[in-house]
Amino acid sequence: MSKYVILNPTHGGTDSGKTNGNVKESDYTLKIANEISRLLNNSGIANKLLRTDNQTISREARIHDIVMNSPDSKDTIVLSIGMDSGDAGIEIVYALRNTDKLAAMMANNLENTGYAVSKYYARRLPGNTSQDYYDILRETGKRESLIIDYGNLSDASFLENNWKQLAEITAKTIQNYLGEVGNFYTVQKGDSLYSIATKYGITVSDLQKVNNLGTNFLSVGQKLLIPEITEEPEEPSGDNLYTVKSGDTLYSIAGKYGITVDSLKQSNNLTSNNLKVGQKLIIPENNSNSNSINYTVKSGDTLYGIASKYGVSVEELKRVNNLTNNLLQIGQKLLIPNGISDIPSTSNQKTYTVQKGDNLYSIANSYGVTVDSIKNLNGLKNNLLQINQVLKIPSENSSSNNQVYIVKRGDNLYNIAQKYNVSVASLMSANNLSSTLLNIGQKLIIP
């Protein structure tokens, strides 16, 4: 299974965290996360930033993003970055389901570079000591989840002077922990950066960059990551031959040429997804529906966001691109079915853009429709919403001719149900109510 890292810079937007003068916690968590991401990209380790600018993102939305857009495996590291430790030094918290190996490696590497580490530990929930205290650790499945608090803002100059090196140590520790990601070379007696670079057809600066080397000095037994030389594929004109390279998959090749895995398998009479290095594959001409378009995945994209943008379902997007999970990579090409362009619809379909504080119940209530009808129309599997998410609003009579009742002073579910000769249970079900509490002016669907 491929290695993957989720970087969670805490705070952001209206939640700046702690401040000291002009120094904000949210700014430095993002700085460190961005630098870690850059270094991991240089090492060939796929990663995703949960926050890319000064955004307000709830804990629930962050966890949802992690769960929906990364493999639920120990090969996925979830690193939350904060500035909430005490004055004694850096603190590292790991999940109860994980061993302390990564936390111990991180602490050791930080201490060896001269930083004070107060402790690394697992923190338990007081009411249920079998669970983690922090939800970002507790609710992220089998993933290797870790929180690092790099200090606090009582000494703002510490972060200003050291944030970059802290990011470098963290990135290198993750690289070492994940092991043989990419192609590694073990330095032999007599080796030099120049001889190794020449051997692999790369430059000395390439080697220095991906291994974070500040000098040309090498030690016997030292492991060096050898960066891959990536070439942009030629645009196929009709049938074109492609030679399989180490690390290739049918999915990655199909993505390069903007075709589906199924069309690639059909053109080459393949009955499985197995490939051999040196194997020749025919790249079929992209004869998909002329209205279909290709989309290149950008930083921050999700399948849900792309599907919503083009008015298709996540399931259809996954089907035409032969995706088995919701994981995306920057630069990946997706075929958008049905050729729905990125142009606002001119139909009479009513839409609503989610605002801060909204929930499905309040939106459904304001339009006099049910929560279930909004979820069904938008292909939602849960009630979680994101700010600026665009929802299609069903017409009030799209599913039935149910009557809408506006709650007045003195009303309760029992007398409304009695008035319309329905049960309280059916009234609660039709309106997705979890309690009998009503508000004046609230709209209720009468089933």
Item to complete: Taking the side chain as every heavy atom from C-beta outward, state whether Leu50 and Ile57 have any atom pair closer than 4.5 Å.
Response: no

Fill in: Which residues share a side chain to side chain contact (heavy atoms under 4.5 Å, CB included) with Asp27, sequence neighbours left out
Lys24

Discussion item. Whether the side chain of Ser118 engages the backbone of Ile90 through a donor-acceptor N/O pair (distance < 3.5 Å, no angle test) should be reported.
Written reply: no

Item to complete: List for me each residue that meets salt bridge (Lys or Arg N to Asp or Glu O under 4.0 Å) alongside Asp191, sequence neighbours excluded, and say none if there are none.
Response: none

Practice prompt. Go through the structure and list residues passing side chain to side chain donor-acceptor pair (under 3.5 Å) with Arg62, not counting sequence neighbours.
Written response: Asn8

Worksheet item: So, does Ser267 use its side chain to make a donor-acceptor pair with the main chain of Leu264 at under 3.5 Å?
Response: no

Practice prompt. Mind running side-chain contact (heavy atoms from CB on, under 4.5 Å) on Tyr150 and Thr170 for me, showing each step along the way?
Written response: CA-CA 11 Å; Tyr150 288 99; Thr170 303; 2.6 Å; yes

Fill in: Side-chain heavy atoms of Thr351 within contact of Leu391, under 4.5 Å
no

Worksheet item: Donor-acceptor pair, Ser219 side chain versus Gln222 backbone, under 3.5 Å?
Response: no

Worksheet entry | Nearest non-hydrogen partners of Val67 and Glu139, listed with the distance | CG2-O, 3.8 Å

Worksheet item: Is there a donor-acceptor contact under 3.5 Å linking the side chains of Asn47 and Asn41?
Response: yes

Item to complete: Would you sort out whether Asn216 and Tyr194 count as a side chain to side chain donor-acceptor pair (under 3.5 Å), showing the intermediate values?
Response: CA-CA 9 Å; Asn216 292 337; Tyr194 175 77; over 6 Å; no

Worksheet entry | Contacts of type side chain to side chain donor-acceptor pair (under 3.5 Å), residue Asn98, not counting sequence neighbours | none

Practice prompt. Not counting sequence neighbours, which residues clear side chain to side chain contact (heavy atoms under 4.5 Å, CB included) with Gln279? List them please.
Written response: Val244, Leu270, Leu275, Lys276, Leu281

Response to the item:
Sequence neighbours excluded, the answer for salt bridge (Lys or Arg N to Asp or Glu O under 4.0 Å) partners of Arg143 is Asp72

Discussion item. Please find the pair of heavy atoms, one from Ala107 and one from Ile92, that lie closest to each other, and give the distance.
Written reply: N-CD1, 3.7 Å

Worksheet entry | Phe158 backbone acceptor or donor facing Asn162 side chain under 3.5 Å | yes

Fill in: Expected output: side-chain Thr19 to main-chain Gly21 donor-acceptor under 3.5 Å
no

Discussion item. So which atom in Ser26 and which in Gly12 form the shortest heavy-atom distance, rounded to 0.1 Å?
Written reply: CB-N, 3.5 Å

Item to complete: Using distance alone, with no hydrogens and no angle criterion, decide if Tyr94 and Glu144 have a side-chain donor and acceptor under 3.5 Å apart.
Response: no

Worksheet entry | Heavy-atom closest contact (Leu146 atom, Ala103 atom, distance) | CD1-CB, 4.0 Å

Worksheet item: For Asp100, which residues count as a salt bridge (Lys or Arg N to Asp or Glu O under 4.0 Å) partner, sequence neighbours excluded?
Response: none

Discussion item. Under a 3.5 Å distance rule, please check whether Thr173 uses its side chain to pair with a backbone N or O of Ile169 as donor and acceptor.
Written reply: yes

Show me the donor-acceptor pairs within less than 3.5 Å that the side chains of residues 127-136 make with the rest of the protein, sequence neighbours left out.
from	atom 1	to	atom 2	distance (Å)
Asn128	OD1	Ser130	N	3.2
Asn128	OD1	Ser130	OG	2.6
Asp132	OD1	Leu96	N	2.9
Asp132	OD2	Leu96	N	3.4
Tyr134	OH	Arg123	NH1	3.0
Asp135	OD2	Arg59	NE	2.9

Discussion item. I'd like to check the side chain to side chain contact (heavy atoms under 4.5 Å, CB included) partners of Thr99; sequence neighbours left out, ordered by chain and number.
Written reply: Lys101

Worksheet item: Does Thr113 use its side chain to pair, donor to acceptor, with the backbone of Asn109 at less than 3.5 Å?
Response: yes

Item to complete: With rounding to the nearest 0.5 Å, note down the distance linking OH in Tyr120 to CG in Leu102.
Response: 11.0 Å

Worksheet entry | Pairs touching residues 39-55 that satisfy salt bridge (Lys or Arg N to Asp or Glu O under 4.0 Å), sequence neighbours left out | Lys48-Asp65

Item to complete: Without swapping roles, check the side chain of Asp149 against the backbone of Gly151 for a donor-acceptor pair under 3.5 Å.
Response: no

Fill in: All side chain to side chain donor-acceptor pair (under 3.5 Å) counterparts of Asn359, not counting sequence neighbours
Ser362

Worksheet item: Is a side-chain donor or acceptor of Thr56 paired with a backbone partner of Thr14 at a separation under 3.5 angstrom?
Response: yes

Discussion item. Suppose we screen for side chain to side chain contact (heavy atoms under 4.5 Å, CB included). Which residues come up paired with Ser157, at least two apart in sequence or across chains?
Written reply: Asp155, Glu160, Asn161

Fill in: Distance (rounded to the nearest 0.5 Å) between Ile363 CD1 and Thr353 OG1
9.5 Å

Discussion item. Any donor-acceptor pair under 3.5 Å linking the side-chain atoms of Thr10 with those of Ser80?
Written reply: no

Fill in: Donor-acceptor pair, side chain of Glu25 and main chain of Gly17, under 3.5 angstrom
no

